[in-house]
Each structure stands twice: as C-alpha cells, then as structure tokens.
Amino acid sequence: MKGPREELIYVPCIYRNTGINQPDYLATVDVNPKSAQYSQVIHRLPMPNVHDELHHSGWNTCSSCFGDTSKVRNKLILPCLISSRVYVVDVGTDPRAPRLHKVVEAEDVKKCGLGNLHTSHCLASGEIMISSLGDPDGNGKGGFVLLDGETFEVKKNWEVDGHAAPFGYDFWYQPRHNVMISTEWGTPKVLREGFKVEDVAAGHYGRQIHVWDWTEHTRIQTLDLGDDGQIPLEIRFLHNPDAEEGFVGCALRSSVFRFYKEKDGKWATEKVIQVPAKKVQGWALAEMPGKWSCMVDLLWRGPLNLSNNLRGQSLLLFLLDVLSEISAESILVSQDVLMLISDYSSCPWIGERGRGGKWR
C-alpha cells in the first residue's frame, strides 16, 4: 500500500474475431500524471502469431516471493486462450518498450494434456502456474501447467493425475489455510466462437467452484452454486493473508457469491449480490444480464471492483466489514448503453439482508 505509484500499465489488445487479421499486441500506457504522455499509448508490442487471443496476464514473481532478494519482477506472462501459447515479455530491460523474451508453444503445453490457457499466478517456489479451460482437443478440463520461473520451460502438471476439474477458468490460493479455489467457464470448442444460450442447457458451461488441497495438489471439495451461480469466473480471496473468505463473480445471472471456511474446516457459499436482468430489444435475449467479466478486490478493507461489461458499468463495492455490511456505487462508463440502465443509486440489488442482517 505504501509503495510508489505505478507509472506504466500494460494492456493486452486483441484482434481475434474483429475481422482484422493481425497479431494481438501488448500496449504500454503512460499513467504518470506528471508525464507529457500521460494517458497515451507509448508503445505496442505485436505478438509473432495471429488468432492467439491474449487474455489474463501475470508476473514471473510477486508478493508470494516477498523477502527473496534474488527475485525480480521483470517478466510479464501472457497466456493465450485460443492458441494455448504462452508469451513471456521482458518489461525489465526497457519498461517503456517491452520486448518478447520467449514463446512457449502449444505443443509443449499439450504434453500436460491441457490447452486453452487462462490465469497465470507466480508461486512462492519460484514457479509459474497457469490454469487451463480444456484439453488439447477443446473439451473441458480444469487443470494447471507449471512453468520454470527462470527458463519458462513447461515442467509438469500442478494437479495430481485424475484430479482435474470438469471445467477451468480462474484460481486463487491462500497458503495459510492450505487451500486453492478454482472456477469454471465452459467447453473451449463450444465457447470460442461465441456464446449461445442453448449451450448452457446442453451442459457446456460450469456452475461449480472447486476446493483444492494446496500442498497435496488434490481436489477435495466441489461446491455447486446452482442456477444463479452459472459461469463462475473471477474469484478473489480477501488480500489479508489470514482471510478465510472471498468472492466469486458469476457471469450469466450477474450474481456474486461469498465463499468461506466453516468451523468444521469445510467450505461453503452464499449468494450476496444479485443484479436483475434488464429488458432490452434487438439483442440475443429478451433480458440482458450484467455479465461480470472481471473482479478486483483491493487491499484489506478496500473496495471490490466489478466490471459489469454488457451494460458498460464498473461497480465499486466498499467492504466496510465483510461480515456486517456492504455499500456500493456504480459508475457508467459507456454512454451508448445508457438507456438500458436504471438508477442504481439506492443499490436495491445488494442482497436482501441489510436491515439487521449481514448484507446491505
């Protein structure tokens, strides 16, 4: 919290399915208010291939290696959702003009029986762990690839053989509770060409989160979130390293579930936020959900930021006391969907338990 303000941000920019047959690129944006180039793209690094679909990004090392002076945060890890490649980008030599350091090809990832890569996290071991959505044939398979943190070579699967989840997407680990929790999107060969509501009924999209033993690398519990929890995407523990709870955003019904550890050591969930769908015309469905696409919880007791991307909103939920109340405000960021959004100033969609209950 007390570190220096970031002066640069790196943004993956995707061309796949836009009709533009060019490689995705990494944009470098100057975010130093004192700079003459403030809020401008100052560099673009194109990838060497087309149709990769860059997605989430991660670092070669992070706070999981806090105190290890041999570790330097100088490489950005860019997994590819469609091509299953991993690009390693050098942002240390010249932070304002990143350069490509290494390409991990899909054939190397395939050795782990995985494909369609998503979330990258650095580990205290120095390794890099990347989640998968599927197997090399595009079927659903929620496993994890381990990369060497120095050479960036594929080492092995993180999960024990036979313990992969039916679907994969995001994950977050909490070593002090010996736990990691992962989420589900859907079948890669179905979703990669676009969302169709009939694919939900056909079982091609997930609605579960999975609890893993962090040291044994085994799946020990599966929690079904039900219809309101379909397509659970971003998952976040609270940043307090002792925290035994967090949130997961579910895209299809615009809901947020809290997950938490019970007294008997098992994990449980409860729905705490539900944004109602909006009646619309000229869209794929008669009602438009919010579709949470990203979620960031800032440092302890900070706001939870939810991207409500179909309606062009960013929602800030202020965690005053996780077990007592939530307050919220919404920010409209896209004027062309203004007519679809009602006034959320009273936040009627934040739970139903505020008056004397846990949530408001």
On a heavy-atom basis, which atom in [X] and which in [Y] lie closest, and how many Å separate them?
X	Y	value
Pro232	Thr183	O-CB, 3.1 Å
Gly143	Leu114	C-CD1, 3.7 Å
Asn32	Tyr38	O-CD1, 3.2 Å
Leu123	Cys65	O-SG, 3.3 Å
Pro136	Lys110	CG-CG, 3.6 Å
Thr151	Asp148	N-OD1, 2.8 Å

How long is the gap from [atom1] on [X] to [atom2] on [Y], to the nearest 0.5 Å?
X	Y	atom1	atom2	value
Met47	Tyr87	CE	OH	7.0 Å
Ile231	Leu252	CD1	CG	4.5 Å
Lys155	Leu146	NZ	CG	7.0 Å
Trp212	Thr222	CH2	OG1	8.5 Å
Leu81	Ile14	CG	CD1	9.5 Å
Trp185	Leu133	CH2	CG	6.5 Å

Pairwise side-chain contact, [X] with [Y], heavy-atom cut-off 4.5 Å (strictly under):
X	Y	value
Thr187	Phe167	yes
Tyr169	Glu234	yes
Gln208	Pro166	yes
Cys13	Arg44	no
Pro98	Tyr10	yes
Trp172	His121	yes

Under 3.5 Å, is there a donor-acceptor pair between the side chain of [X] and the main chain of [Y]?
X	Y	result
Ser132	Lys141	yes
Asp90	Leu100	no
Asp137	Asn139	no
Gln221	Trp267	yes
Asn60	Lys75	yes
Asp108	Glu153	no
Arg219	His163	yes
Asp30	Gln40	no

If we count only N and O atoms by modelled type, under 3.5 Å, do the side chains of [X] and [Y] hold a donor and an acceptor together?
X	Y	answer
Asp170	Thr119	yes
Tyr205	Glu184	no
Asp213	Thr215	yes
Glu127	Ser125	yes
Asn17	His51	no

Are [X] and [Y] connected, step by step, through hydrophobic side chains (Ile, Leu, Val, Met, Phe, Trp, Tyr) whose heavy atoms are closer than 4.5 Å?
X	Y	answer
Val103	Val109	no
Leu26	Val88	no
Leu117	Met129	no
Val72	Leu76	no
Ile235	Ile220	yes

Is the [X] ring parallel, tilted or perpendicular to the [Y] ring (thresholds 30°, 60°)?
X	Y	answer
Trp158	Phe144	perpendicular
His118	His55	tilted
Tyr25	Tyr15	tilted

| Are Tyr173 and Phe237 near enough that their ring centres are under 6.0 Å apart? |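 Centroid separation for Tyr173 and Phe237: 6.0 Å or greater.
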| Is the Trp214 to His177 ring centre distance short of 6.0 Å? | no
| request: May I ask you to check if Arg258 and Tyr260 form a cation-pi contact, with NZ or CZ under 6.0 angstrom from the six-membered ring centre and within 45° of the axis? | output: yes
| Which is it for Arg207 and Arg253 under the side-chain contact (heavy atoms from CB on, under 4.5 Å) test, yes or no, and what are the steps along the way? | CA-CA 11 Å; Arg207 50 185 261 177; Arg253 298 292 181 89; over 6 Å; no
| task | From the options Asp52, Ile82, Leu45, Asn49, select the one residue that forms a side chain to side chain contact (heavy atoms under 4.5 Å, CB included) with Asp24. | result | Asp52
| field | Test side chain to side chain donor-acceptor pair (under 3.5 Å) applied to Ser255 and Asp228, step by step | value | CA-CA 7 Å; Ser255 60; Asp228 282 344; over 6 Å; no
| query | Between Lys261 and Glu245, does a side-chain contact (heavy atoms from CB on, under 4.5 Å) hold up when you go through it step by step? | reply | CA-CA 6 Å; Lys261 189 177 182 179; Glu245 62 186 320; over 6 Å; no
| query | Is there a side-chain contact (heavy atoms from CB on, under 4.5 Å) between Val91 and Trp59 once you walk through the steps? | reply | CA-CA 10 Å; Val91 297; Trp59 292 108; 3.6 Å; yes
Quiz: residues 190-197 side-chain donor-acceptor pairs under 3.5 angstrom, not counting sequence neighbours:
{"from": "Glu193", "atom 1": "OE2", "to": "Arg16", "atom 2": "NH2", "distance (Å)": "3.4"}

| With a 2.5 Å cut-off on the SG atoms, do Cys122 and Cys62 make it? |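 Yes - the two cysteines, Cys122 and Cys62, have SG atoms within less than 2.5 Å of each other.
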| field | Lys266 atom NZ, over 12 foreign heavy atoms within 6.0 Å | value | no
| query | Do other residues, nucleotides or ligands put more than 12 heavy atoms under 6.0 Å from Asp242 CG? | reply | yes
| request: Verify side-chain contact (heavy atoms from CB on, under 4.5 Å) between Val86 and Val154, making sure each step is shown before the conclusion. | output: CA-CA 10 Å; Val86 181; Val154 174; over 6 Å; no
| query | Please walk me through it: do Lys71 and Glu150 pass salt bridge (Lys or Arg N to Asp or Glu O under 4.0 Å)? | reply | CA-CA 10 Å; Lys71 303 297 182 184; Glu150 298 296 331; 3.7 Å; yes
